[in-house]
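The block underneath contains the structure these notes are about, expressed in structure tokens.
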Amino acid sequence: MIHKTSGLLLLPLTLIFLDFILISSLANPTPITSLNVLTYGAKPDGSKDSTKAFLAAWEAACASPNPTTIIVPKGRFLVGNLVFQGNKCTNAPISFRIAGSIIAPEDFRVIASSLQWIMFDGVTNVSIYGGVLDAQGSSLWKCKNSGGKKCPTGAKTLLFTDSNNISIYGLTSINSQKFHIVIDQSNNVKIDGVKVSADADSPNTDGIHIENSHSVNITNSRIGTGDDCISIGPGSTHVSIQGIQCGPGHGISIGSLGRSEDEQGVENVIVSNVDFMSTDNGVRIKTWGKDSKSFVRNIVFQHIKMKMVKNPIIINQHYCLDKPCPKKESGVEISNVRYEDIQGTSNTEVAVMLDCSKDKPCTDIVMGNVNLVLQMVNGSAQASCNNANGLANDVVVPFTPCLKRDLLLT
Ligand SMILES: *[C@@H]1O[C@H](CO)[C@@H](O)[C@H](O)[C@H]1NC(C)=O
Ligand SMILES: *[C@@H]1O[C@H](CO)[C@@H](O)[C@H](O)[C@H]1NC(C)=O
Ligand SMILES: *[C@@H]1O[C@H](CO)[C@@H](O)[C@H](O)[C@H]1NC(C)=O
Ligand SMILES: *[C@@H]1O[C@H](CO)[C@@H](O)[C@H](O)[C@H]1NC(C)=O
């Protein structure tokens, strides 16, 4: 009797079960798998080396045909140099959900033995949510700042190279040895709500650096560091930067460019809604005094507030670190750069400096609604121009003599 009943029930149950699989697979074709790094042997105690555990979790996620979440729970995870290789992955989305901190060994030489601490190489569809990366760079900064000749260059904290469709949300990077976050040869990158911090005197600790990459959006982030908050290197196109607080640091820079003759230019960059606080520069374009076929074009800087900034608006085409500087003009051609709605205070007399190349003068520099006043010095802010041409629409203070007044407005 019991046998008979179960036999009778088996068929409809199987049908219902199959139905369920069918319906659920239509609604959600790829179930999300999640992995916890603890399962792979990681220890949240800040002292046991978890490098191998992180790599093992990555290998598993990478081989999965389904979207996978790698969970890094609360705690402190000590890791050395990590390379997450993408070339053998299925490219199904992989997300890191990080609640804890990932920390580098105290001895700076360990991660500085490589040029980066955490590298994603050739990955697609990778997202990072949350987490703190602490590279513990301060002893290396000390070494460098005390003029130590034997200090290593240092490791970038997080590098994406040769990658596509990358998102970084709510990540914090502190105390990087060198650049914090680097996007190189990667396309379709979204960075939102990140925090970067390092001491104002930490050498070469750029917040976010972009190079040879297309379609990179950086939004709602707070960056205070010892070098550029954001730097945009050769070959960067379609870059959008919005809602950034920058300071301390060296501002937001396009460049340096034109160091080599055949490097790629930068185009289609928009920098919008940025607050600069006590930075060395605000919005800067810098190129080396060297022969080059490179260019900077179609750039917009808009809705920007400056507070106690040394050089709020600056184009420097005579950038040089090796004294004496070569008496050479930059070959980088700068055109169509718009400055719109830029307000606030300058810490030095020259608030606007357009120092362009004699060989390739800047063209189509357009300013409108720019108003910069001196912070502490008694007097009005000045502008300085060399080889720059364009238009001043609307109110432009300080008066920038190289720009023609828009006749319609006078
Ligand atoms: C990224 O993931 C999406 C969604 O799963 C998929 O359609 C796309 O093909 C993946 N990209 C690559 C390059 O595999
Ligand atoms: C980008 O990645 C996300 C998640 O990683 C994925 O859902 C989306 O489909 C991907 N987009 C493309 C164009 O591959
Ligand atoms: C970047 O922002 C632009 C404009 O808002 C948008 O069209 C583009 O799809 C975004 N790209 C990425 C990678 O988020
Ligand atoms: C600023 O300069 C003006 C004119 O030279 C002078 O009258 C004024 O006292 C100065 N103010 C301060 C705070 O130095």
Side-chain angles (χ1 to χ4, degrees), residues 24-35 37 54 57-72 84-98 118-131 158-171 181-194 207-221 223 230-233 235-244 252 254 266-274 297-304 336 338 340-341:
S24 67
S25 68
L26 281 175
N28 185 11
T30 44
I32 292 174
T33 317
S34 73
L35 313 170
V37 291
F54 274 71
W58 171 262
E59 289 302 317
C62 158
S64 168
N66 302 325
T68 306
T69 301
I70 297 176
I71 293 168
V72 180
F84 297 119
Q85 273 293 346
N87 54 4
K88 296 201 183 99
C89 295
T90 62
N91 292 339
I94 298 178
S95 316
F96 282 81
R97 297 228 170 231
I98 311 175
I118 300 170
M119 168 157 81
F120 288 85
D121 183 12
V123 304
T124 298
N125 282 342
V126 169
S127 313
I128 298 176
Y129 295 86
L158 177 64
L159 167 68
F160 278 92
T161 184
D162 194 21
S163 295
N164 194 10
N165 194 20
I166 304 305
S167 311
I168 303 174
Y169 300 107
L171 177 76
I181 298 171
V182 178
I183 306 298
D184 183 26
Q185 302 186 68
S186 297
N187 305 330
N188 305 313
V189 179
K190 207 180 272 180
I191 299 179
D192 182 68
V194 305
I208 301 172
H209 178 76
I210 305 161
E211 198 161 306
N212 293 312
S213 296
H214 314 289
S215 196
V216 178
N217 290 1
I218 306 174
T219 46
N220 311 319
S221 295
I223 303 169
I230 299 174
S231 52
I232 301 167
S236 306
T237 68
H238 297 93
V239 175
S240 157
I241 296 170
Q242 304 202 33
I244 308 294
I252 293 182
I254 295 177
V266 170
E267 64 187 326
N268 299 324
V269 175
I270 177 162
V271 176
S272 185
N273 293 87
V274 179
R297 62 189 175 221
N298 309 337
I299 312 293
V300 177
F301 296 114
Q302 65 181 8
H303 312 312
I304 288 171
N336 190 16
R338 291 166 179 271
E340 291 157 1
D341 181 21

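One-based numbering, in listed order, for ligands and for the atoms of each.
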Pairs under 3.5 Å, N/O atoms on ligand 1 and on the protein: can you put them in a table with the distances?
from     : atom 1 : to     : atom 2 : distance (Å)
ligand 1 : 2 (O)  : Asn125 : ND2    : 2.1
ligand 1 : 11 (N) : Asn125 : ND2    : 3.1

Could you tell me whether the side chain of [Y] reaches within less than 4.5 Å of the side chain of [X], counting heavy atoms only?
{"X": "Ile210", "Y": "Ile218", "answer": "yes"}
{"X": "Val37", "Y": "Phe96", "answer": "no"}
{"X": "Leu158", "Y": "Ile168", "answer": "yes"}

### Message
Once you measure the plane-to-plane angle for Trp58 and Phe120, does it fall in the parallel (<30°), tilted (30-60°) or perpendicular (>60°) bin?
### Response
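Trp58 and Phe120: perpendicular rings.
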Just which atoms of ligand 3 are under 4.0 Å from any heavy atom in [X]?
{"X": "Val189", "result": "13 (C)"}
{"X": "Lys190", "result": "14 (O)"}
{"X": "Asn217", "result": "1 (C), 2 (O), 3 (C), 8 (C), 10 (C), 11 (N), 12 (C), 14 (O)"}
{"X": "Asn188", "result": "13 (C)"}

### Query
Under 4.0 Å from any heavy atom of Ser127, which atoms of ligand 2 are there?
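Answer, ordered by atom number: 5 (O).
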Counting N and O atoms only, with roles assigned by atom type, does the side chain of [X] sit under 3.5 Å from a partner on the main chain of [Y], one being a donor and the other an acceptor?
{"X": "Ser272", "Y": "Gln242", "value": "no"}
{"X": "Asn125", "Y": "Asn91", "value": "yes"}
{"X": "Ser240", "Y": "His238", "value": "no"}
{"X": "Ser213", "Y": "Ser186", "value": "yes"}

### Message
For Val216, which part has a heavy atom under 4.0 Å from ligand 3: side chain, backbone, both, or neither?
### Response
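None of Val216 does.
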### Pairwise distance CG(Asn220) to CD1(Ile244) - rounded to 0.5 angstrom
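It comes to 7.0 Å.
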